[in-house]
Each structure stands twice: as structure tokens, then as C-alpha cells.
Undergrad: 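First the structure, then my questions, so here it is.
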Number of protein chains: 2
Amino acid sequence: MVNSPDNRSSGSGDGTVRERLLAAAEELFSEQGFNGTSIRDIAAAAKCNIASVNYYFGGKENLYVELWRRHHAQIVGVRIESINEVMSRSGGKPGLEMLLKSFAEAFLGPLMDSNKGPRLMKLMAREMIDRNLPKDMFGKEVIRPTMTAMQEALSKACPALEQSKIPLVVFSLVSQLLHTILIKAMHQGIDDQELAQFDPAMVIDHVVAFTAAGIRAYAKEEGK
Amino acid sequence: MVNSPDNRSSGSGDGTVRERLLAAAEELFSEQGFNGTSIRDIAAAAKCNIASVNYYFGGKENLYVELWRRHHAQIVGVRIESINEVMSRSGGKPGLEMLLKSFAEAFLGPLMDSNKGPRLMKLMAREMIDRNLPKDMFGKEVIRPTMTAMQEALSKACPALEQSKIPLVVFSLVSQLLHTILIKAMHQGIDDQELAQFDPAMVIDHVVAFTAAGIRAYAKEEGK
DNA sequence: GACAAAATCAAACAAGTGTTTTAAACTAAC
DNA sequence: GTTAGTTTAAAACACTTGTTTGATTTTGTC
């Protein structure tokens, strides 16, 4: 029985068929969703046989999981590294705007990359609504690490901010960033004309300024 | 041939089978998505025959559209009425916090209703990513009217705010409200423990205060 | 009750799904 | 050249999908 070629991790750049399958799956899953994409579509796009999906990954679901593992670690890594970099560069007490801007750029950067950015955005938005990953993989490995890192950094950057407000502030920040992603990813069809004016760079500057103002209002109120 | 019972609009509370189908479809579509729900599931939940979906609605897709028509007009109506009410009550120049809070409550209210609220939330989130409605119906009939009404109200409530900033401000406000919805709708699985602390009423107060501070920062900067 | 329209039903339909099977082609070691 | 292992290929499998059919029951009207 031939059934274990998949223990060969995706790290090394070996099999072309395997790589082609992952690339095609990423494209199609992000565009049409997990359930909306058949392995026949994937195989056709990768120019290989239908059975190859099962041969290399042991099933459609495993292909999807493998696809996520390739990216989520890197995305989370970029965000946390960015925070750490700002923290160390400023000796543990960064300026508020600097921290926010750095985080916003690290948050959106990998998703704005013209190559695979839009695909990852859609993939992420879909996974938030239709969970196809193993239970808790998305929350525990993607969302939580970013959240806590940012909360800790914010706490140090703005000691005057009451602890209980910090999760709310991060909530507001992340919600704006995610909405930026969503709009960009779904720009086709929802509202072309109106939303075309939302240039990413401009939106980032706005979100930073807007969020900083909101935080300072809390900090001042508390500082009294 | 018997094929036109569907010109009977859903307005009057007539057929029980028709109503049951719409209710079951709303439940299942919101929970599993359009493609993830079979008309056999729907028929089983509505306790009627499979063919009834085609008999009453002429297909799965039309059932979905009909389901949306029932709600989106009301949801949009509540939001715009709420804005108009605040505007007229304050003689065209409402307090900023009052306008924001009123809008936030009108925005989330229908979606927080314990009965069908969560279902509509999920339905809306899904439709934003996977468009199953006729082209532009979602953008033109749901999103746009609310947006423009709020932008006009904000412009009058805060004349010191530069016109070009208004769409950005509404963007920030709406993104926070939508994120509130998303978290509440998807609370299962993403991050139970951490996100349980986000009580809706508290989140609304936060969003209002946070957004007001962001707006005032823009207004002051402009007023100088 | 008789009749016609409306509503319900079980069954079948054609098409598409993920997966498995079985055989053929390729690759490298001896 | 033979052999063993890996990779590709086409076909079949069992199942689900949305829709349609044709018959049967229910409903309302005279």
C-alpha cells in the first residue's frame, strides 16, 4: 500500500506537483471557498490527476490545513516581530503613534502584498466565518498571539491607560484594520464607486490618528 | 402546469408551509451558508416535501433572495429612521455622542435581538464574503443607504469636520460595529474565554466614546 | 356529491461530489 | 535488463446535489 508520501514536510522545494496543488488550492479556496471548490477544479488548475490530491495530502481537508500552516505562522510572526522591534528600539516605551503605525503596517502588510496578499485576505475572511480548520487552530495559533502581544505593548506604551480599557482599544484598532482588509478583498461587487477612494496608505494614516485620539481621550480621563 | 404561486408576496401571513420554509431556510442558511445547506435539509426542518421549495419559490436561489427581501428593508429602515429621529429632535444639530449612540444602537439593535438577531448577523457576514444575492442588491439596497444617511447626519452634527474626513470616520465607526456583530455571531470556536467579556452594551458605550474622541481630534485640528 | 384548482408526496433524473481502485508509466539501484 | 518503489492515469464507486415528474391527496365552489 502506498499511502505515506505526505510526511515529507512542505519545507523543502521538492515535488512540483505538490507545489502546484498547493498554489492552485490557495487560489481557488480563497476565491470560491472550501466547499465551493472541488478537487477536480484544483487538479485541473494544477494540471495533474484528480487522485493526486489524495495521494499527496490524503484528502481535501488535509490539503486545506497544509495550505494554512504554510502561511499563518509567517503572518503572526511578522506582526509580533514588528511589535518587539518597536518596543526594543524605543527602550520599552514607544510613542503611541509609532507603535500603532508599526502594528498597522505589520498587520496589513503581508495581506496587501500584490502577489498573494489578496488571496490570503479572502482566505482569512472566509475562515473566520466558515471554520474548516481543526477546532481552535485559527483562534489559538493566529488570533490570540497577535492580540496579547499588542495588548502588552500598548500597556507599556500608555501606562496612563486603565488596564480594563486595553482590550477594548485593541478591539477598535483591529476591527478597523480587519475592515480595511475586508473592503479591499471584496471590493468587487459590493460598492465599487464609493469604496475605490479608500487608498490603503491613507486608511492606515487615518486609523493611526483616529485610534491614537481615542486612546488619549481615555488616558487623559484616567490621568485626572 | 402549476408554476406561479410565488407571485403571492410574502407580505400577508398566509401559507404555513411557505412561512415554515422561509424560517427554516433563514436558520440553516445563516448557520451553514448557502452552498452548505441542501434543500433537503430545509425541507426536513420545515417538515414538508422536498419539491415544495421549487413549488413555492421556483428554486433554492429565489428562496434565498426572498428571505433577504423580508429583512433588509426593515433593517435599513430602522437605521435611517433612527438617524432622522435624532436629527429632527435636535433641530438638525445633534450632540455628537447622542448621534453616535443612537446610530450604534439602531445599527446593532435589530441584530442583537435574541430571537432572530444572531441569525441575521451570520447571514449578513456570509453575504459580505460569498455573494449569493443578485448583483449589487446587497451594496445598493443595504450598505449604501445607511452609509450616506450617516455621512450626511455627521456632516451636520460636526460642521468643523472636514468633508473629506467624513467617509473615513464613518468607515471607522461602522467597522467597529460590524466587528462587534462578527464577534458575537461567531463567538463559538474563535476564542470563547477572551471574548466573553465583550458585553454588547459596554462595547457600544466604548465605541461611542472612542469614536467621538477620534472625530473631535479631527475637528479641532481643522478648526485651528 | 361533483368538479377543478391547489397542494403534497414519493420517485426518478442528470449532474457533481470526495474518495478508492487498478493498472500503467516512470525512476533509480543493482 | 531486471527489479522495486514512486508517481501518474483513467475509471469506477458510493453518495449528495437541485430540480422535475406524475400521481395522489386536499381544498374550495357550485
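Because the structure is a prediction, the values reported are computed rather than measured. Order of the sequence lines fixes the chain letters, A, B, ..., with proteins taken first and strands second; residue numbering starts at 1 for each chain.
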Undergrad: Using a strict 4.0 Å threshold on nitrogen-to-oxygen distance, state whether B:Arg126 and B:Glu31 make a salt bridge.
TA: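 Judged by the 4.0 Å cut-off on N to carboxylate O distance, B:Arg126 and B:Glu31 do not form a salt bridge.
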Undergrad: Passes side chain to side chain donor-acceptor pair (under 3.5 Å), A:Ser175 versus B:Gln176? Steps please.
TA: CA-CA 5 Å; A:Ser175 70; B:Gln176 292 175 81; 5.1 Å; no
Undergrad: Would you mind telling me which of D:dG18, C:dT19, C:dT20 lies closest to the side-chain atoms of A:Lys60?
TA: C:dT19
Undergrad: What is the separation between atom CZ on A:Phe57 and atom C1' on D:dT7, rounded to the nearest whole Å?
TA: 14 Å
Undergrad: CD of A:Glu61 versus P of C:dT17: gap in Å, rounded?
TA: 17 Å
Undergrad: In whole Å, what is the span from the CD1 atom of B:Ile50 to the P atom of D:dT16?
TA: 13 Å
Undergrad: I'd like to know if A:Glu105 and A:Arg79 make a salt bridge, using a cut-off of under 4.0 Å between side-chain N and carboxylate O.
TA: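 Not counted as a salt bridge, because no side-chain N and carboxylate O are separated by less than 4.0 Å.
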Undergrad: Has A:Lys60 got its NZ or CZ under 6.0 Å from the middle of the six-membered ring of A:Phe34, at an angle within 45 degrees of the ring axis?
TA: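 Yes.
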Undergrad: B:Gln32 CD to D:dT16 P: how many Å, rounded?
TA: 14 Å
Undergrad: Before you tell me yes or no, could you show the steps for B:Gln163 and B:Ser155 under side chain to side chain donor-acceptor pair (under 3.5 Å), namely the whole-Å CA-CA distance, both residues' side-chain angles and the distance that decides it to 0.1 Å?
TA: CA-CA 7 Å; B:Gln163 282 290 327; B:Ser155 175; 3.0 Å; yes
Undergrad: Answer yes or no: side-chain N or O of A:Arg40 and base N or O of C:dG16 forming a donor-acceptor pair under 3.5 Å.
TA: no
Undergrad: Does A:Ser38 place a side-chain N or O at less than 4.0 Å from the phosphate oxygens OP1/OP2 of C:dT17?
TA: yes
Undergrad: How long is the line joining CG of A:Asn35 and C1' of D:dT17, in whole Å?
TA: 13 Å
Undergrad: Nearest whole Å is fine: how far is C:dT20 C1' from A:Ile39 CD1?
TA: 11 Å
Undergrad: Could you tell me the separation between the CZ atom of A:Arg18 and the P atom of D:dT8, rounded to a whole number of Å?
TA: 12 Å
Undergrad: So if I take every side-chain heavy atom of A:Asn54 and compare against C:dC9, C:dT20, C:dT8, which nucleotide ends up nearest?
TA: C:dT20
Undergrad: Among C:dG18, C:dA7, C:dA12, which nucleotide has an atom closest to any side-chain atom of B:Tyr55?
TA: C:dA7
Undergrad: Toward the 5' end of DNA chain C, which comes first, A:Ala51 or A:Gly36, by nearest nucleotide?
TA: A:Gly36
Undergrad: Can you tell me how far P of D:dT7 sits from CG of A:Leu21, to the nearest Å?
TA: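 Rounded to the whole Å, the gap is 13 Å.
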